[in-house]
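Computed over heavy atoms, backbone and side chain alike; hydrogens, waters and symmetry mates excluded.
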Amino acid sequence: MLRVLYIVDSLMAGGIESQLVALVTQLDQTRIEPHVLCLYGPRARALHFAPALRAAGVAYTTLDLEWSSREKLRGVGGIIRAVRALRPDIIQAEGYHANLLMRLAAPLLPSRVRRLGTVRGELSAKQLRYERLSQRFCAKLIVNSPHLKAMLVTQAGLAPGRIEMILNGIAVDRWATAHTPHFREQLAPGAHRVLVSIGRISFEKNMHWIAQAVGMLKAQGRLAPAVRVFIVGPPHHAAAQALLDTAIRDHDLGEVVIQCPETAHPEDYYSACDASLLVSPGEGLPNVALESLSAGRPVIISAAANASGVIEDGVTGWVVRTGDVAALADTLAQVIAMPESALGAMHLACIARAREYSLEQLVSRYTSLYERITSHATSP
C-alpha cells in the first residue's frame, strides 16, 4: 500500500481545498493510505472541511501556524517531523505556502520520498522564477488546466515532461440537489432574478466589481425590480471588503447586493439562483464554475477566470472582459431580462458540460500517477 502525505495551506471553504478533499475521500484506501497535514488551523483559517475528512476516515493534523516568518520556519520543522513519523512514499503540496515550505524542507527529507508540487492559478513573474529555481525538488508539477501548463513551459522554462495535467473533478449529483428544500423562497421571497457569487472576499476574487456593476445599472435606471445578488464567503482582505462595502453603500444597494457568510451547503445557493458569477482576475480551472454547472446554472465569468475554457459563451454562460465593469453591467442586464424559458434551455447544457469533469477520472489519474512515480526510486 502507498502512503501519501498531503500538505495543504488550509481546510477553509475554497476550490483547492474542495478538490483535495474530493480526491482523498474517494481514493481506494486498500491501495492508498492518505494523511492530510494542514498548515493553518483555527488561529488563521477555519477548518471547514475537517468534518468531511473525519467522516471518510482520513487522518489529518494541523500545525495551526500564524502568518509570521518565524511561523513559516516552524512549518518547515513540522513538515520534517510529520514525514519522519508517517514515513510516506509520496508528499503532495496543495497551496502556495504548502509548496514553498515543502521545497524548503526537501533537502532534509528522505531521498526515497517522491515529492509532488502543484500550480493551481496564474503566477507572477516572481513566482515563475521560484518555480524555475525550485522545480528540482519535485518529481512532477501538477496543473489542472492546459493554460497553466503552457505558462510553466513558456514563461518558467520547465520541460513539458515534468508537468502532469489532471483536470478537476466534480460529483455532479452532489451539486444537482439542494440540501435545504425551497431554499430560494427562504433566501429571496418574490425575487424575479437571483444571482450568486461564491468565494472569499479578496483581491483574488474582486467581489466589489459585481457590486459596482449592479450600482452602474441602478444609476442608469436599468436595474429591474426584485433582483437579488448574494455574495457568499468569508472576508479575507480588509481592503477588498472595504471596496465591496463602499460600492454597496455608495449605490444604496443594501437590499439588492447581500453578503452572506460561508456555508456548509453551497449547493443551496446554486439551486436558488438563476445564474452564478465569477469575475476574478485569474483562475486555473475554477471549481465554483463546475459546481454551478452541476446544478444546471450558467455562469457569468471573466475572460481571465475562463482561461481553461470551461464556459462556452452563450451556451453554458457568458464571458465578459476581465475588469470591465461596464461590460459586466451590460451582461447582468441581459441575464436579468432573459425569459425563464431561455435560462431553462441552458440547464441541460450546463449539466452535460459538468459531466465532462469526472471525479472518477480525477481519482484514477492521481492513482496512476502515484503508482507510476513510485515504481522506480530515482531522485528527487
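In the hydrophobic clustering of this structure, Ile231 groups with Met216; members are Ile, Leu, Val, Met, Phe, Trp, Tyr whose side-chain heavy atoms approach within less than 4.5 Å, directly or through other members. Taken together through direct or relayed side-chain contacts under 4.5 Å among Ile, Leu, Val, Met, Phe, Trp and Tyr, Val227 and Tyr270 form parts of separate hydrophobic clusters. Side-chain heavy atoms closer than 4.5 Å link hydrophobic residues (I, L, V, M, F, W, Y) into clusters, and following such links, even through other members, never connects Leu362 to Ile163. Connection of Val214 to Ile198 is not established within any shared hydrophobic cluster, with ILVMFWY side chains joined at heavy-atom distances below 4.5 Å, either directly or through further cluster members. Cluster annotation: Ile91 is connected to Leu39 through the hydrophobic network of ILVMFWY side chains, with a link wherever side-chain heavy atoms come within less than 4.5 Å.
Residue Arg84 places its CZ atom among 12 or fewer non-hydrogen atoms of other residues, nucleotides or ligands, all under 6.0 Å distant. For CZ of Arg174, the number of neighbouring non-hydrogen atoms (other residues, nucleotides, ligands) closer than 6.0 Å is greater than 12.
Contact between Val319 and Asp313 at its shortest, heavy atoms only, is N-OD1, 2.8 Å. Taking both residues in full, the closest heavy atoms of Ala295 and Arg297 are given as O-NH1, 2.7 Å, listed atom of the first, atom of the second, then distance.
Checked against the 6.0 Å centroid criterion, the rings of Phe183 and Tyr269 qualify as a close aromatic pair. The aromatic ring centroids of Tyr40 and His97 lie less than 6.0 Å from each other.
Sequence neighbours left out, the pairs with a member in residues 212-232 that pass side chain to side chain donor-acceptor pair (under 3.5 Å) are Gln220-Arg222, Arg222-Asp330. Applying the side chain to side chain donor-acceptor pair (under 3.5 Å) test to residues at least two apart or on different chains, the pairs with a partner in residues 243-255 are Gln241-Asp245.
Residues Glu17 and Arg45 are not paired through a salt bridge, judged by the lack of any N-O separation under 4.0 Å between the basic side chain and the carboxylate. Between Glu262 and Arg200 no salt bridge is recorded (no basic side-chain N to carboxylate O distance below 4.0 Å). Salt-bridge formation is detected for the pair Arg120/Glu94: a Lys NZ or Arg NE/NH1/NH2 atom is positioned less than 4.0 Å from an Asp or Glu carboxylate oxygen. Taking a cutoff of 4.0 Å between a charged side-chain nitrogen and a carboxylate oxygen, Lys205 and Glu283 qualify as a salt bridge. A salt bridge is defined here as a Lys NZ or Arg NE, NH1 or NH2 lying under 4.0 Å from an Asp or Glu carboxylate O, and Arg103 with Glu131 meets this definition.
Judged purely by distance below 3.5 Å, without hydrogens or angles, the side chains of Tyr370 and Arg31 never pair a donor atom with an acceptor atom. With hydrogens and angles left out, the side-chain atoms of Thr118 and Asn99 include a donor and acceptor closer than 3.5 Å. In this model, a donor atom of one side chain and an acceptor atom of the other lie less than 3.5 Å apart for Glu360 and Ser358. Looking at Ser276 and Ser292, their side chains do bring a donor and an acceptor atom within 3.5 Å of each other. One side chain, Thr180 or Asp268, offers a donor N or O that lies under 3.5 Å from an acceptor on the other.
How far CG of Leu290 is from OG of Ser18: 9.5 Å, rounded to the nearest 0.5 Å. The structure places CE of Met102 at 7.0 Å from CZ of Arg115, a figure rounded to the nearest 0.5 Å.
Annotation: side chain of Trp209 is not in contact with side chain of Ser302 (no heavy-atom distance under 4.5 Å). When side chains are defined from C-beta on, Thr367 does not count as touching Asp28, because their heavy atoms never get closer than 4.5 Å. Residues Leu23 and Leu359 are not in side-chain contact: their nearest non-hydrogen atoms beyond the backbone lie 4.5 Å or more apart. Counting heavy atoms from C-beta outward, Leu53 and Leu11 have side chains that approach closer than 4.5 Å. Leu37 has its side chain out of reach of Tyr6: every pair of non-hydrogen atoms, C-beta onward, lies at least 4.5 Å apart.
Partner Leu116 forms a side chain to side chain contact (heavy atoms under 4.5 Å, CB included) with one of Leu369, Leu141, Ile7, Val4 and no other, that one being Leu369.
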I'd like a table of donor-acceptor pairs (distance under 3.5 Å, sequence neighbours excluded) in which one partner is a side-chain atom from residues 334-352, with atom names and distances.
| residue | atom | partner | partner atom | Å |
| --- | --- | --- | --- | --- |
| Glu340 | OE2 | Arg193 | NH1 | 2.9 |
| His347 | ND1 | Gly296 | O | 3.4 |

